[in-house]
Amino acid sequence: MAAITDEQVERVRALVASIPSGKVATYGDIAAAAALSSPRIVGWIMRTDSSDLPWHRVIPASGRPAAHLATRQLERLRAEGVLATDGRVPLRGDRCVRHVFDDEPSAR
DNA sequence: GACGTGACGCTAC
DNA sequence: AGTAGCGCCACGT
């Protein structure tokens, strides 16, 4: 059963909430940290969950979020201190995936 | 039960 | 380097 449980959602929420200002995480990294089956699931959770999570700190590995969100994303990120170049978020160095769960040995 | 859709990722050209 | 196509998983209709 490939149904997402509240636990998975809670995990993603915790990860996103653990992202410090001025830093951003990619869906893929969060999905891996949350042990999700696919990075798409993270996007689905964000879309469905209208929590106060800083979803704007979560960006795709391409550095270019969906057009309908890109504007909002970049503007919010800029307010956080993340300057986007040409509508592109610099994943280089700003990438920060807080492994809030020490269950991952790859957490360095 | 099946098809279409979607806050994505990676590889190939 | 940028663009295009395919693959992935879950949800909605």
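All chains are named by letter (A, B, ...) in the order of the sequence lines, taking the proteins before the strands, and each is independently numbered beginning at 1. Keep in mind it's a predicted model, so treat the numbers as computed, not measured.
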Tell me: [atom1] of [X] to [atom2] of [N], nearest whole Å?
{"X": "A:Y27", "N": "C:dG7", "atom1": "OH", "atom2": "P", "result": "23 Å"}
{"X": "A:D6", "N": "C:dA10", "atom1": "CG", "atom2": "C1'", "result": "15 Å"}
{"X": "A:L69", "N": "B:dG6", "atom1": "CG", "atom2": "P", "result": "12 Å"}
{"X": "A:L36", "N": "B:dG6", "atom1": "CG", "atom2": "P", "result": "21 Å"}
{"X": "A:I45", "N": "B:dG6", "atom1": "CD1", "atom2": "P", "result": "18 Å"}

>> Taking any heavy-atom pair under 4.0 Å as a contact, classify A:P65: base, sugar-phosphate, or nothing.
In response: nothing

>> Given B:dG6, B:dG9, C:dA10, identify the nucleotide with an atom nearest to the side chain of A:R47.
In response: B:dG6

>> From the set C:dC11, B:dG9, B:dG6, return the single nucleotide nearest to any side-chain atom of A:A61.
In response: B:dG9

> Under 4.0 Å: is that the gap between some side-chain N or O of A:S37 and OP1 or OP2 of C:dA10?
Replying inline: yes

> How do A:A3 and A:R88 order along DNA chain C: which one's closest nucleotide is nearer the 5' end?
Replying inline: A:R88

>> If you assign A:W44 and A:R64 each to the DNA chain C nucleotide with the nearest heavy atom, which residue ends up on the more 5' nucleotide?
In response: A:R64

N/O donor-acceptor pair under 3.5 Å between [X] side chain and [Y] backbone:
{"X": "A:D49", "Y": "A:S51", "answer": "yes"}
{"X": "A:Q73", "Y": "A:V58", "answer": "yes"}
{"X": "A:R76", "Y": "A:H56", "answer": "no"}

>> Going by side chain to side chain contact (heavy atoms under 4.5 Å, CB included), A:L36 matches just one of A:I30, A:I45, A:V9. Which one?
In response: A:I45

